[in-house]
Enquirer: 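One structure coming up, written as structure tokens, with questions to follow.
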Amino acid sequence: MQTIDNFNFENKKALIRVDFNVPLDDNYKVTDNTRIVAAKPTIIKILEDGGSCVLMSHLGRPKGVQEEFSLRHIVNAVEDVLGVEVLFSGNCIGSEAEQMAENLKPGQILLLENLRFHEEEKQGDEAFSEKLSRLGDIYVNDAFGTAHRAHASTTVVAKFFDSNKCFGYLLAKEIESIKKVMESGEKPVTAILGGAKVSSKITIIDNILDAIDHLIIGGGMAYTFIKAQGGSIGNSLVEDDKQQLALDILEQAKAKNVQVHLPVDVIIADAFSNDAHTDTSDINAIPDGWMGLDVGPNSEGLFAQVISDSKTILWNGPLGVFEMDNFAKGTIALGYAIANATEDGAFSLVGGGDSVAAVKQFGFQDKVSYVSTGGGAMLESLEGKTLPGIAAILE
Ligand code: AMP
């Protein structure tokens, strides 16, 4: 795998696809610079080699050129993070960009205007990609969040660089983390899948069963499994047409020697509301009119035991409706269990959508081994798909 460590950037211009799709407030100030901070090690390594950086990114979902989505708004925030002056080109292709890139000296940084001001970006247009490729000697992809898109700047541009293309540190770390779980994870390997629906996680389950020893199932998707096995789930979330699928998964897991752990008790509520009346119930005997919205204390203990015995942990999806305080406890307890196991030497990867939000909300991001920066890209990786942005570098 070619990373920026395989190159010396002295007197070279790096054309870097970063993910600077950052949130802005009404005054166009950056409210969360995490993604800029995440790209810093790659940029600094290139500058310290004696090279220069041409940074390209999208911001939001503009329809044509829309000033509110201009990357000009973030120039100061990028300068603050990098501690280096940042030049700006008002178009990502064309004479202005080419001239500014041409004049760039070692140690300098040029930020290009929003790639998505051109519809050719999302179309993966060849001619547009070729124009981008004129702006650098070496192509670096450091944007995991868009690696599952075959866009011009994430994928197609790579073909114009022969072997002068590589992964930045951030993207390399994402790839390594997924590999650690899916291919080379120290056993026992445990995956925790939560979230709302079986249907949205089925491809992931299919793909990971060969790699894991334990599968913990929580969240709304647990009830389809419980009902399929004959339990009473009251008004809990269920996908009736996925009951057979749930039984098939359990059968498949058994054949592959994967131990499946479902909740044994749950916190039930008489409405989908933080103000609802609550109680604790056996998961197989939820009364009519009540729904399970979080795992109960016995399940927390059971899951914590499995996790403390694990050496490799993958977490995707919350165990309950963590957005409501009264149903966040199971997800928080899971976060503590994973943090403790990590402290004891396990490798833990948190990836995909809501579990990342939960980890951040409850302050676990520094207590797990790695929190993925890409929602959709992480889910597709766990589904076993080859991401076009990654394939383009490896080709
Ligand atoms: P997903 O995007 O599939 O990972 O699902 C995340 C969502 O699942 C979150 O918004 C949770 O509130 C929701 N969720 C988790 N547990 C339950 C549950 N027991 N009932 C309904 N929704 C749930």
Side-chain angles (χ1 to χ4, degrees), residues 145 148 191-208 215-228 231-240 242-243 245-246 249 261-300 303 314-335 338 349-362 364 371-372 374-383:
H148 59 316
I192 304 113
L193 292 186
K197 293 179 168 176
V198 186
S199 52
S200 65
K201 302 283 157 96
I202 178 64
T203 333
I204 295 180
I205 299 178
D206 260 348
N207 188 48
I208 62 175
L215 174 63
I216 292 175
I217 297 175
M221 62 189 271
Y223 302 98
T224 300
F225 286 86
I226 298 296
K227 187 172 179 187
S232 303
I233 59 162
N235 293 17
S236 304
L237 192 69
V238 67
E239 288 171 281
D240 277 325
K242 296 291 178 293
Q243 290 188 61
L245 187 64
I249 290 170
H261 308 273
L262 283 156
V264 287
D265 58 346
V266 282
I267 306 300
I268 53 172
D270 59 0
F272 190 79
S273 158
N274 198 44
D275 303 322
H277 297 107
T278 62
D279 205 345
T280 307
S281 164
D282 182 314
I283 196 168
N284 289 298
I286 300 175
D288 283 344
W290 292 73
M291 61 187 89
L293 295 184
D294 195 9
V295 298
N298 293 334
S299 310
E300 283 174 20
F303 295 168
L314 167 71
W315 178 19
N316 171 276
L319 292 189
V321 185
F322 75 101
E323 299 93 334
M324 299 181 195
D325 285 351
N326 288 338
F327 310 109
K329 223 171 138 270
T331 299
I332 296 173
L334 177 72
I338 296 175
L349 166 63
V350 183
D354 272 323
S355 36
V356 172
V359 157
K360 288 185 177 163
Q361 186 177 325
F362 304 125
F364 290 116
V371 181
S372 174
M378 178 48 105
L379 294 179
E380 290 195 18
S381 300
L382 297 177
E383 287 172 354

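What you see is a predicted model; the values in this text were computed from it and never measured. Whatever order the structure lists them in is the order used to number ligands and atoms, beginning at 1.
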Enquirer: Purely on distance, is any nitrogen or oxygen of Lys201 under 3.5 Å from one on ligand 1?
Expert: yes
Enquirer: Within less than 4.0 angstrom of ligand 1, does Tyr223 place any heavy atom?
Expert: yes
Enquirer: Check whether Trp315 reaches the backbone of Gly317 with its side chain - one donor and one acceptor, N or O, closer than 3.5 Å.
Expert: yes
Enquirer: Nearest protein heavy atom to atom 17 (C) of ligand 1, by residue and atom, and its distance?
Expert: Gly220 N, 3.3 Å
Enquirer: Is there a donor-acceptor pair under 3.5 Å between the side chain of Lys201 and the backbone N or O of Leu193?
Expert: no
Enquirer: Donor-acceptor check, side chain of Asn235 to backbone of Gly289, threshold 3.5 angstrom: yes or no?
Expert: yes
Enquirer: Regarding Glu239 and Ser199, is there a side-chain donor-to-acceptor distance under 3.5 Å anywhere?
Expert: yes
Enquirer: Please work out, at 4.0 Å between heavy atoms, whether the side chain, the backbone, both, or neither of Met291 comes within that distance of ligand 1.
Expert: neither
Enquirer: Can you check whether Val295's main-chain N or O pairs, donor with acceptor, with Ser299's side chain at less than 3.5 Å?
Expert: no
Enquirer: With a 4.0 Å heavy-atom cut-off (strictly under), which part of Val321 contacts ligand 1: side chain, backbone, both or neither?
Expert: both
Enquirer: Looking at atom 15 (C) of ligand 1, what's its closest protein heavy atom, distance included?
Expert: Gly320 O, 3.2 Å
Enquirer: For atom 10 (O) of ligand 1, what's the nearest protein heavy-atom neighbour? Residue, atom name and distance, please.
Expert: Glu323 OE2, 2.4 Å
Enquirer: Using a 3.5 Å distance criterion without hydrogens, assess whether the side chain of Gln243 forms a donor-acceptor pair with backbone atoms of Phe225.
Expert: no
Enquirer: Considering non-hydrogen atoms of the protein only, which is the closest contact for atom 6 (C) of ligand 1, and what is the distance?
Expert: Asp354 OD2, 3.0 Å
Enquirer: Would the distance check show the side chain of Asp294 and the main-chain N or O of Gly330 forming a donor-acceptor pair, the cut-off being under 3.5 Å?
Expert: yes
Enquirer: What I want to know is whether Phe272 and ligand 1 share at least one N or O pair that is separated by under 3.5 angstrom.
Expert: no
Enquirer: Among all protein non-hydrogen atoms, which one is nearest to atom 8 (O) of ligand 1, and what is the separation to 0.1 Å?
Expert: Ala196 N, 3.3 Å
Enquirer: Taking Asp282's backbone N and O only, do any of them form a donor-acceptor pair with Asp265's side chain (distance below 3.5 Å, no angle check)?
Expert: no
Enquirer: Quick test: of every protein heavy atom, which one is nearest to atom 19 (N) of ligand 1, and how far off is it to 0.1 Å?
Expert: Gly292 O, 3.0 Å
